[in-house]
Every structure is written in structure tokens, then in C-alpha cells.
Amino acid sequence: MSNYLEAGSIVAGAASLTLWVEYLGLTDTTVGLLGALSANGFGAAVGALISGFLVDRYGRKFIYKYNLLVYMLGILLITFSFSFPMLLVGYIVTGVSVGAGIPPSWTYIAEEAPKNERAARVGWGQFAWSMGPAVVLLLSVALAPLGLLGSRIIFFQLFVIAFFTWLFQRKIDESSIWEEQKKKDQATNQGGIFNKENLKELFTNRANLQALTLLVGVYAFWNMVAGVMGYFMPYIYETVGGLSSSQANLLQTFLWVLTVLSTYLVFIKFGDKVNRRLIFSVGAGMGIVAWIILSYGGMGTVELLAFVILWGIAAGFGAQAFYGLWSAELFHTKYRAAAQGFLFCTARVLVGLISLIIPAMITTLGFRTAGTVMIGLLIIHMVVGLLLAPETRGKSLEEIQTERYGTTGDSAFSKKAR
């Protein structure tokens, strides 16, 4: 449900962007600022970074006591906004909450999953993430006749769902793997999980540096493209492709429905059975082809459908699904969530930066130039993934941890450094 709410809030903002532009008279600069500081950019970056440290130190369920309360506050501010400052603050508050929910969600799912079903369990998180935009966009189409009031209703339904989700999340049990690690640290008088020594090790240990390189290369570069799509794509369909608001939202709905289906039919069904590098490469290649068609083929009906079908299917078993899986598998329990927080923060900062310039880039240089930039980012993410993707199928987190760090939890590099 965290994933549903997080993705839903991003796309709710995207689906209503042209309505807010008309209502508040927004410019390219203010539109870019909304995207940069929202759940799609810097707001989520700050929330993820803070949350990662807290979740490793105080437990996976700690964040669930408070996070959705912050989310509900931000959603209410957006729902009843009557000025740009109020809208912007609502986007920032919601963004911080969205980022804060990422490290505990992905970490908890992976830690509680059986070793032969970990990709499938993480896949269900990706499935829920994809359902959020699909539902929100369908509501956008249905409520389009109401204009901005329809958008306010969509945000309010997120508030209602968040309230009941918050009630349920407060009752979940703590991660058994985290509790075991906490007992080990207390027994050896290490000062608790995620102390200063652990923070240093996160960024000096050779195994960690390899994992950080893989995940920044794969997820951060892909996420700049996905982030632009998640927030600006309906806006691009309307301003560049000449579609109406309802047509743009319906097209994105179709894309997200394809993502939901491919998440289930490919990642959930085969992520624990088939070579993951092969699955990743197919999805990465389809994404690149999709953007080549959109950028250089124009925005006719055939090109738009080809783009939506290729990208929609590829996203279901693309970089985000593998990020959720690898970021949990490749780091030690004592700083697993902090690593995720750092990685998600890095990705969202980059999305925030590109969001600041995308509207102006499209206006001044044209969509083909912006599309070429997107293709370049996707090529980088594919190359990094093909070179560094690990094979961890069928192994428990403890087995992977021992392989990467040794029985003591330290790599040879880390030992030598001390």
C-alpha cells in the first residue's frame, strides 16, 4: 500500500498539471519547480536519505508510526490549494513522505521473503507501485468533466486510503532479520545497529562500492527518464503531441496497465527462475527502442502506441524492479536501509535537477533534443547493468551476505583499511 500511495501521488500531480497551469497561471519555471521539489524529485530525496538511517537504527516498522501522517498532511494541502505557494508546500511535504516510505518498504519485503520467492515478493511491491498510477489515471479520465475539482477528488481519495493504510501498518511485526542483527550487535557491544563505524564501512567497503556503482548506474540513470515520464508525460502528450487531457491520461493508463501485467507475467513469474541479466537486458533494450520511436518517429498514432506498448511492458521488469531486489540483496543488514535511502536520494536529486530544465528544454530546443538526452541515459543504464548485474537467485540474504562480506561481515578491503 505504501508503493500504491507513493506512485499514485506522483501521477496524480502529473495528471492534473495542465489544470494547475491554467488555474494558477504557471510558467515553465514554476512547472519545473513543482516537479523538482515534489515526490518525483528533491522532496523524496530528502525523505529517503533521512528514513534510511532511522530505519536501520530503530527498526523497519519505526517509520510506519509517523510517515503516513506526514503524507496525509501534504495531500490535504494539495487538495485544498488555492495558490502556488500552498500547492508547492503540499508537493514538498508529500514528497518527503514518499521518499521516507521507500527504504522500509523495499527492505522489509525482501527481508521477510523466502529465498526462492524474493524476486516475486519484491515484484508484488512493483505491482502495487504500478497499480497506483493506473487507478489514478483511470479516475482522471472519469472525472475529467469536473476539471480541477476532479483532480482535488483524486488527491482526497489518496488521503482516505492513506488513513486506513496507516492504521494497518502500525500493526505489522518487526523484521526478524533486523531483530537478529540487533541482538548480535548488542552482544558484541557495537553500540547498536548503524553506528558511525557502519556508516564509514558503507562507503569504504569494496563490496559496497561495487553495489553502489551498479545501482547508481542502473537505477539513477533510468530513473531520470522514468521520473520525467511519471510527472511530465501527460503534459508532453498535450503540449507536443496535441492530445486532449483525457486522451493523454487514457494513453498513460494503458501504459501503466501494461506495466502491471508485465510485472506479474515476467518479473513475478520468472524473476526467481530465469537468468536475471537476461530479463534485465530485454527490458532495457525495449525501453531504448521505445524512446527512439517517440523521439525520431514523431507523435502520430502509430508512434505513440508503439512507444506506450514497448515502454509499458519493459517497465514491468525494468530497472525499478531490479533496484528493489538488488538494493536489498547486496548490502549488509546493518546498513541495508541506509544504502537504499542514499541510492534513492541520489536518483531523486538527479530527477529533480532534470525536472528543472525539461519544460524549458522542450520549449526552446524541441522534444527531439530532450528525447535524445533520454536515450543517452537509458544506454548508460543498460551498459552498467549488463556489466555488473549479479546472479543471486535461490540464495538467502544471509548466504549472499556471507559471500560478499565473509563470516564476520567485513570484506578483505575493509579489514585491510583498519
Keeping to residues at least two apart or across chains, list the salt bridge (charged side-chain N to carboxylate O under 4.0 Å, His left out) pairs with something in residues 248-269.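 Matches after skipping sequence neighbours: none remain.
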No-hydrogen, no-angle side-chain donor-acceptor test under 3.5 Å, Y237 and N249: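 Short answer, no.
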Between T18 and Y23, do the side chains contain a donor N or O and an acceptor N or O under 3.5 Å apart? no
Is it true that [X] and [Y] make a salt bridge, defined as a side-chain N closer than 4.0 Å to a carboxylate O?
X: E398; Y: K115; value: no
X: K184; Y: E180; value: yes
X: R393; Y: E391; value: yes
X: E111; Y: R60; value: yes

Locate the shortest heavy-atom distance separating [X] from [Y]; write the atom from each residue and the value.
X: G394; Y: N116; answer: CA-OD1, 3.5 Å
X: L330; Y: T392; answer: CD2-CG2, 4.4 Å
X: S281; Y: L386; answer: CB-CD2, 3.4 Å
X: L305; Y: L251; answer: CD2-CD1, 4.5 Å

Do [X] and [Y] come within less than 4.5 Å of each other through their side chains, counting heavy atoms only?
X: F159; Y: I78; value: no
X: I268; Y: F317; value: no
X: V89; Y: F84; value: no
X: M361; Y: F367; value: no
X: M374; Y: I358; value: yes
X: R336; Y: L397; value: yes
X: I50; Y: V96; value: no
X: F53; Y: L199; value: yes

Using the rule given for side-chain hydrogen bond (donor to acceptor under 3.5 Å, both in side chains), can you reason through Y64 versus S105, listing the C-alpha separation, both sets of side-chain angles and the distance that settles it, and then say yes or no? CA-CA 10 Å; Y64 293 129; S105 297; 3.3 Å; yes
Return each pair, listed once, that meets side-chain hydrogen bond (donor to acceptor under 3.5 Å, both in side chains) where at least one residue sits in [range]; pairs must be two or more places apart or across chains.
range: residues 291-305; value: Y296-T372
range: residues 80-96; value: none
range: residues 138-162; value: S16-S151

How would you list all residue pairs meeting ring-ring contact (aromatic ring centres under 6.0 Å, His included) that involve residues 107-133, not counting sequence neighbours?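 Non-adjacent pairs meeting ring-ring contact (aromatic ring centres under 6.0 Å, His included): W124-F127, W124-Y264.
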ring-ring contact (aromatic ring centres under 6.0 Å, His included): pairs with one or both residues in residues 266-287, sequence neighbours excluded: F267-F322, F280-F322, F280-H381
Expected output: side-chain [X] to main-chain [Y] donor-acceptor under 3.5 Å:
X: T30; Y: L26; result: no
X: T259; Y: G312; result: yes
X: Q252; Y: A134; result: no
X: N67; Y: A100; result: no
X: W106; Y: Q340; result: no

Approximate separation, where rounding is to 0.5 Å, of [X] [atom1] and [Y] [atom2]:
X: E117; Y: E112; atom1: CD; atom2: CD; answer: 13.0 Å
X: L243; Y: I236; atom1: CG; atom2: CD1; answer: 11.5 Å
X: T165; Y: M1; atom1: OG1; atom2: CE; answer: 4.0 Å
X: I288; Y: L310; atom1: CD1; atom2: CG; answer: 12.0 Å
X: L68; Y: L158; atom1: CG; atom2: CG; answer: 11.0 Å
X: N208; Y: F331; atom1: CG; atom2: CZ; answer: 5.5 Å

Can you check side chain to side chain contact (heavy atoms under 4.5 Å, CB included) on L87 and F82, steps first, answer last? CA-CA 7 Å; L87 182 67; F82 55 83; over 6 Å; no
Residues two or more places apart in sequence or in another chain: which of them pass side chain to side chain contact (heavy atoms under 4.5 Å, CB included) with A113? R118, R121
Who pairs with [X] by salt bridge (charged side-chain N to carboxylate O under 4.0 Å, His left out), at least two apart in sequence or on another chain?
X: E238; value: none
X: R276; value: D272, E329
X: D28; value: none

Neighbour count >12 (heavy atoms, 6.0 Å) for atom CZ, F203: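 Correct, the count exceeds 12.
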For R348, side chain to side chain donor-acceptor pair (under 3.5 Å) partners two or more places apart: N223
With sequence neighbours left out, write down each residue that passes side chain to side chain donor-acceptor pair (under 3.5 Å) with K61, or none if nothing qualifies. none
Any chance you could lay out the side-chain hydrogen bond (donor to acceptor under 3.5 Å, both in side chains) test for Y71 and E6, step after step, and finish with the verdict? CA-CA 9 Å; Y71 179 92; E6 289 152 9; over 6 Å; no
Evaluate the criterion side chain to side chain contact (heavy atoms under 4.5 Å, CB included) for residue pair Q320 and Y219; output intermediate values, then yes/no. CA-CA 7 Å; Q320 175 144 315; Y219 185 61; 3.2 Å; yes
F62 vs Y58 aromatic rings, parallel, tilted or perpendicular, using cut-offs 30° and 60°?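 F62 and Y58: tilted rings.
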If you apply the rule side chain to side chain contact (heavy atoms under 4.5 Å, CB included), what do you find for F42 with L356, and how did you get there? CA-CA 11 Å; F42 299 133; L356 285 172; 4.3 Å; yes
With side-chain hydrogen bond (donor to acceptor under 3.5 Å, both in side chains) as the test, would you mind laying out the steps for Q401 and S396 before giving the verdict? CA-CA 8 Å; Q401 189 166 290; S396 68; over 6 Å; no
Any chance you could lay out the side chain to side chain contact (heavy atoms under 4.5 Å, CB included) test for L378 and F221, step after step, and finish with the verdict? CA-CA 7 Å; L378 291 174; F221 283 92; over 6 Å; no
